[in-house]
Visitor: 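Okay, here's the structure, questions in a sec.
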Amino acid sequence: MAEMKPSGIAWIGNIPTDWEIKKIKYIATLKGRIGWQGLTSDEYTDEGAYLITGTDFNNGGINWETCVHVPMKRWEEAKDIQIENGDLLITKDGTVGKVAIVNGLDSPCSLNSGVLRISTINGYDRRFLFWVLQSEVFWTWYLNKTAGNSTILHLYQGDFAEFNYAIPPLPEQRAIATFLDDRCGQVDSILADLERQIEILRQYKKALITETMTANKPHWVKGRIKDLMTLQRGYDLPQDNFIEGDYPVYGSNGIVGWHNKFTTAGPGITVGRSGSVGEVNYVDRDFWAHNTSIFVNNCKGNNIRFLYYVLLSINIKELASGSAVPTLDRKNVEAVHLLFPTGIQEQQAIADYLDEKCAENDELIAEKQKATEIMRKYKKSLIYEYVTGKKRVAR
């Protein structure tokens with residue numbers, strides 16, 4: 001076990017005696033586009049120099065397919081941000097703290113004002129810094145720095161220059177970076193596979209519901225959603241009027257608060273009207289139906305769980321109108337044509353079958369999500385332990 005010494009930074013703790021703490025301003029230069037230098041989105045083109053924005057960051061690299069282009073004169077005028085392969089970048093606006101190392105660049109490239117270029121000096125490995133900036137060392141510092149600030153987060157270049165971290169000798173920096181490249185790459189591969197499995201299970205559930213609800217049996221009757229149920233827009237309740245209570249307030253995508261009064265006796269069903277348009281929620285208790293949703297206010301003698309699966313089986317999102325802010329009109333949903341059984345016992349049997357199958361599917365999804373969370377925590381811990389010297393790479 002190597003000898004350790006205090007780092008002087010609470011969230012870093014002890015570090016190996018041959019490591020040192022330095023501010024990033026002493027080991028790197030930070031460059032960004034100053035005030036856009038007059039650059040506007042009107043100048044974006046289909047050819048010319050690449051312009052990297054925060055939305056182009058993808059899994060530690062840059063997605064060149066999403067990058068816009070700007071005239072070459074814009075690339076030429078800002079020499080400090082003429083990007084090259086191997087450059088380390090970090091976002092300072094929008095989703096703050098996304099990090100990328102540039103690779104695969106085959107033409108001139110520049111940055112928009114929301115991205116910083118970090119150029120390390122000799123003796124300091126930028127790949128090691130890449131991992132530091134993805135660790136709790138950076139995020140704890142950043143959250144402490146921004147505590148109490150406005151809700152609009154920003155990584156100020158002047159503040160970032162004061163960020164300090166633990167630095168081993170150059171050979172160990174490189175060894176740690178290589179180790180984390182490999183080990184975290186393996187973790188990312190496992191995470192990607194788990195996400196694929198979760199998506200497959202979600203698609204299977206969707207297909208199961210759709211196929212079951214569109215069985216087209218000879219005795220099923222033709223009709224519209226309005227023949228099965230009546231829908232109604234929810235009730236306004238400003239955020240300031242939310243109070244502690246026993247009744248959940250259901251908005252476009254589930255519970256958005258609580259209240260001491262309810263508008264609708266449960267069980268019931270809500271559908272996202274604005275915001276998360278088309279999201280269907282089953283509510284097993286009395287609730288307040290918010291005006292960002294519509295809800296079933298009359299089952300017309302039909303089984304409520306059956307109606308829930310009816311709504312899940314149709315593509316409600318396609319019924320929304322409005323390009324800028326899509327909203328859902330209940331009449332568009334009620335007008336949807338379908339086939340359905342009229343017998344309450346058959347409706348109950350269908351609902352019971354789908355309850356069982358969907359519960360099995362949801363359990364599998366929950367297991368995959370739990371495994372995903374475990375792997376993410378492992379990756380987080382792995383990075384922190386190695387960039388602070390709690391664990392060492394064998395050399």
Side-chain angles (χ1 to χ4, degrees), residues 151 202 205-206 209 213 224-317 319-322 325-336 340 344 347-363 365-366 369-370 373:
T151 55
R202 285 174 175 157
K205 178 180 176 179
K206 183 178 180 180
I209 293 171
M213 301 304 294
R224 298 185 181 188
I225 293 290
K226 67 179 182 180
D227 298 319
L228 285 168
M229 67 189 93
T230 302
L231 299 171
Q232 180 178 320
R233 179 171 170 168
Y235 302 90
D236 188 32
L237 184 66
Q239 186 73 35
D240 292 344
N241 292 348
F242 282 31
I243 60 177
E244 291 297 324
D246 297 328
Y247 304 107
V249 179
Y250 268 79
S252 63
N253 191 27
I255 297 175
V256 294
W258 296 83
H259 206 269
N260 63 353
K261 296 179 181 178
F262 66 91
T263 62
T264 311
I269 305 168
T270 67
V271 181
R273 185 187 67 82
S274 63
S276 298
V277 174
E279 293 297 322
V280 181
N281 293 286
Y282 181 82
V283 190
D284 60 2
R285 57 191 297 183
D286 298 344
F287 63 100
W288 184 293
H290 194 267
N291 72 342
T292 56
S293 69
I294 57 179
F295 68 96
V296 176
N297 76 343
N298 188 345
C299 295
K300 297 188 175 182
N302 295 294
N303 180 275
I304 185 72
R305 289 293 291 174
F306 174 78
L307 298 183
Y308 168 66
Y309 288 116
V310 166
L311 292 172
L312 283 176
S313 70
I314 61 178
N315 193 342
I316 297 178
K317 290 182 181 180
L319 303 175
S321 59
V325 183
T327 57
L328 184 67
D329 188 326
R330 64 178 180 82
K331 293 181 180 178
N332 291 340
V333 182
E334 291 179 336
V336 172
F340 57 89
I344 194 69
Q347 291 181 6
Q348 180 70 58
I350 291 171
D352 289 344
Y353 168 77
L354 287 175
D355 280 348
E356 179 183 357
K357 293 300 180 181
C358 290
E360 293 172 356
N361 193 81
D362 289 344
E363 185 175 348
I365 290 176
Q369 290 173 329
K370 183 178 180 180
E373 185 61 26

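Everything quoted here is computed from the prediction, not taken from an experiment.
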Visitor: Side chains of R202 and K206, heavy atoms from C-beta outward: is any pair under 4.5 Å?
Guide: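 They are not in contact (no side-chain heavy atoms under 4.5 Å apart), so the answer is no.
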Visitor: Check R330 against L231 and note the closest heavy-atom contact, atom names and distance.
Guide: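 Result for this residue pair: CD-O, 3.1 Å.
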Visitor: Could you tell me if the side chain of F340 sits less than 4.5 Å from the side chain of D227, heavy atoms only?
Guide: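 Yes, their side chains come closer than 4.5 Å.
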Visitor: Would you mind reporting whether D362 and K205 have side-chain heavy atoms less than 4.5 Å apart?
Guide: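 Answer yes - side chains close enough.
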Visitor: Of the non-hydrogen atoms in N281 and G254, which two are nearest, and what is the gap between them?
Guide: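 Shortest heavy-atom separation between N281 and G254 comes out as ND2-N, 3.3 Å.
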Visitor: Looking at every heavy atom in both I316 and G278, which two are closest together, and how far apart are they?
Guide: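 In terms of heavy atoms, the two residues are closest at CG2-CA, 3.8 Å.
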Visitor: Please report the interatomic distance CD1(I294) to OG(S274), rounded to the nearest 0.5 Å.
Guide: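 Answer for the CD1-OG pair, I294 versus S274, is 10.5 Å.
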Visitor: Give the ring-plane orientation class for H290 versus F242, where under 30° counts as parallel, over 60° as perpendicular and anything between as tilted.
Guide: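 The arrangement is perpendicular - the two ring planes meet at more than 60°.
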Visitor: Salt bridge check: are D246 and R285 linked by an N-O gap of less than 4.0 Å?
Guide: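 Looking at R285 together with D246, the answer is no, because their closest N to O distance does not fall below 4.0 Å.
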Visitor: Please identify which of these residues, F306, Y250, Y308, F287, meets the ring-ring contact (aromatic ring centres under 6.0 Å, His included) condition with Y282.
Guide: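 Running ring-ring contact (aromatic ring centres under 6.0 Å, His included) over F306, Y250, Y308, F287 with Y282 returns exactly one hit, Y308.
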Visitor: Closer than 3.5 angstrom, by distance alone: can the side chain of K300 be matched with the main-chain N or O of K226 as a donor-acceptor pair?
Guide: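 Side chain of K300 to backbone of K226, a donor-acceptor pair under 3.5 Å: yes, one is there.
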Visitor: Is Q347 reaching over with its side chain to a backbone N or O of N302, donor-acceptor style, under 3.5 angstrom?
Guide: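 Not a single qualifying donor-acceptor pair exists.
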Visitor: With side chain to side chain contact (heavy atoms under 4.5 Å, CB included) as the test, would you mind laying out the steps for E360 and E356 before giving the verdict?
Guide: CA-CA 6 Å; E360 293 172 356; E356 179 183 357; 3.7 Å; yes
Visitor: Return yes when atom CD of E363 has more than 12 non-hydrogen atoms of other residues, nucleotides or ligands closer than 6.0 Å, and no otherwise.
Guide: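 Check fails, neighbour count at 12 or below.
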Visitor: Could you tell me which non-hydrogen atom of L354 sits nearest to which non-hydrogen atom of I209, and how far apart they are?
Guide: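 The answer is CD2-CA, 4.2 Å.
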Visitor: Quick one, M229 and V310 - any side-chain contact, counting heavy atoms below 4.5 Å?
Guide: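 Heavy-atom side-chain distance check passes, below 4.5 Å.
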Visitor: Report yes or no: does D286 contribute a side-chain atom to a donor-acceptor pair with the main-chain N or O of G266 at less than 3.5 Å?
Guide: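 Such a contact is found between D286 side chain and G266 backbone.
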Visitor: Measure the spacing between CG of N291 and CG of D236 and express it to the nearest 0.5 Å.
Guide: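 Between atom CG of N291 and atom CG of D236 there are 4.5 Å.
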Visitor: Can you list the steps and then say if E244 with N260 is a side chain to side chain contact (heavy atoms under 4.5 Å, CB included)?
Guide: CA-CA 7 Å; E244 291 297 324; N260 63 353; over 6 Å; no
Visitor: Please name the pair of heavy atoms, one in C299 and one in I304, separated by the smallest distance, quoted to 0.1 Å.
Guide: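 Looks like SG-CD1, 3.5 Å.
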Visitor: Out of V271, N332, V277, D329, which residue meets the side-chain contact (heavy atoms from CB on, under 4.5 Å) rule with L319?
Guide: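 Output: one option passes, namely N332.
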Visitor: Could you check if a side-chain atom of I350 sits within less than 4.5 angstrom of a side-chain atom of N303, using non-hydrogen atoms only?
Guide: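 In short, these two side chains do not touch, never coming nearer than 4.5 Å.
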Visitor: For Q232 and T264, what are the C-alpha separation, side-chain angles and deciding distance, and is it a side chain to side chain contact (heavy atoms under 4.5 Å, CB included)?
Guide: CA-CA 11 Å; Q232 180 178 320; T264 311; over 6 Å; no
Visitor: Does T292 use its side chain to pair, donor to acceptor, with the backbone of S252 at less than 3.5 Å?
Guide: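 Yes.
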Visitor: For the residue pair H259 and W288, categorise the inter-ring angle as parallel (less than 30°), tilted (30 to 60°) or perpendicular (more than 60°).
Guide: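 Tilted, since the angle between the ring planes falls between 30° and 60°.
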Visitor: Flag the pair R305 / Q348 as yes when at least one side-chain heavy-atom distance between them is below 4.5 Å, and no otherwise.
Guide: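 Not in contact.
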Visitor: Any idea which heavy atoms bring A289 and F295 closest together, and the distance?
Guide: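 Shortest heavy-atom contact: CB-CD2, 3.4 Å.
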